[in-house]
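A quick write-up on the structure given underneath.
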Amino acid sequence: MHELPTAVAAAIEAARAHSADPLALFVYDLDALRRHVSLVMAALPAGVELYYAIKANSEPQLLATLAPLVDGFEISSGGEIERLQACPTAKPFVFSGPGKLDSDLRAALQQGVEAIHLESLQEIARLQRLAQQAGRVQAVFIRINPELPPTLSSKLAMAGTATPFGIDEAQLAQAVALVDNASHLRLQGFHVHALSHQLLVERHEQLLDFYLQRWPQWKALSRRPESLTHLNVGGGIGVDYLGTQQFDWRRLCAHLGRRLAATGEAPILRFEPGRFISAFCGYYAIEVLDAKTSHGKHFLVCRGGTHQFRLPVAQGHDHPVIHLPKAGQPAPTPPRAWTVVGQLCTPKDVLSRDCPLGAVGIGDILVLPLAGAYGYNISHADFLCHPRPPQLFLQGQVAGGVPCE
Ligand SMILES: Cc1ncc(COP(=O)(O)O)c(C=O)c1O
């Protein structure tokens, strides 16, 4: 059962009262975000850093909340650099991702990017040229696509198999030699972002152990191994959308602490999670416009839809739904398994199938929690020219929770 914080429920009610049309909006609980990230950071062992991957959600209010708490940010485009420039607290940032534009790389160099993660042999030569033009010696990480044991992969593999990301381990010696020979690049370490949606802490422990075991061999490829200090182990920590068994971050950190203490010449380790940082603070609230039965299936047609919250279709899951009945609702329908859909003219516009809810009436609100990462920002919001949903950012509200269906 998911809980809706009192402040979030109150904000939704207030928005409904002021809205001429039925409601579709996002609410972000910035106090909850701050509490969550403080705990995440407090669990990190000595010698481990955390950069937030802003692709998960780069709304200015989230970045302003996170900046004083995290060690830095990971970005993947010139647009994301602009988001950081607008952030009131300046933090170090690193730049990864395939297909970087020259203009984005120039902007990163100009803005004092801490490190650039190199994704191909061609990119090494290109960055050398741009860094030379900028008159700057740029710290870089080589992103590796390692040979991974099959047991260590996940639902969304980004390494250990054929992907456009990073440089295959078989080509690593060549890549290191290219960087070693580049007058305006300085190899600072390696980067591996191998997967997303990791919910199994044991598997993630094994993955990090595997990287740490490989580190001395990777480092030894360089002519100056002593100058390699960092191993970026990516993000990929999953969120349990369908249950309540969230990833045991403290256990992972405790394991890492023991492992690093037992490792001679351990690198500084850097995490760069996105989803696990911002998912929990976001809620997508939609109002029920219609209730109907078709060929034996019961549908709730709601304001908004997957053009505003594509996450459930992107993941292929049925999103959890919290029901907020409208006060004084006259004739509610009987309890049923409802399929929750949006306003789009496509049968793919489904947020949750066969969702067991109580008596639902027109005008009730359904709230989809865990909507703070890869929610609104990965959605095709202009489809059908519906207006974009408002986004509310709550701060300094009274904490608390009301149990809901
Ligand atoms: C290079 C890199 N780092 C970090 C992340 C964040 O991953 P997640 O949100 O799964 O933690 C991504 C996501 O695609 C990525 O591509």
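Just so it is clear, the model here is predicted, and its values are computed rather than measured. As the structure lists them, so they are numbered: ligands from 1, and atoms in each ligand from 1.
In this structure, the side chain to side chain contact (heavy atoms under 4.5 Å, CB included) partners of Thr339, at least two apart in sequence or on a different chain, are Lys297, Phe299, Val341, Val350, Arg353, Asp354. The ring pair (Phe, Tyr, Trp, His ring centres under 6.0 Å) test applied to His191 returns His117, not counting sequence neighbours.
The shortest N or O to N or O distance between Gly234 and ligand 1 is not under 3.5 Å. Checked against a 3.5 angstrom limit, the closest N/O atoms of Tyr374 and ligand 1 fall inside it. Between Arg275 and ligand 1, an N or O atom pair is found at a separation short of 3.5 Å. Below 3.5 Å of separation, one finds no N or O of Pro273 facing any N or O of ligand 1. In terms of N/O distances under 3.5 Å, ligand 1 is not approached by Arg143. In terms of N/O distances under 3.5 Å, ligand 1 is approached by Glu272.
Ring planes of Phe276 and His36: perpendicular class, angle over 60° (limits at 30 and 60°).
For His319 and Tyr284, the distance between ring centers is not under 6.0 angstrom.
Across every non-hydrogen atom of Arg250 and Ala43, the tightest pair is CG-CB, 4.1 Å.
Contact annotation: for Phe276 versus ligand 1, there are no heavy atoms closer than 4.0 Å. Under 4.0 angstrom from ligand 1, the non-hydrogen atoms of Glu74 all belong to its side chain. The proximity of Ala56 to ligand 1, defined as any non-hydrogen pair under 4.0 Å, does not occur for either the backbone or the side chain.
Ranking the protein heavy atoms by distance from atom 5 (C) of ligand 1 puts His193 CE1, 3.5 Å first.
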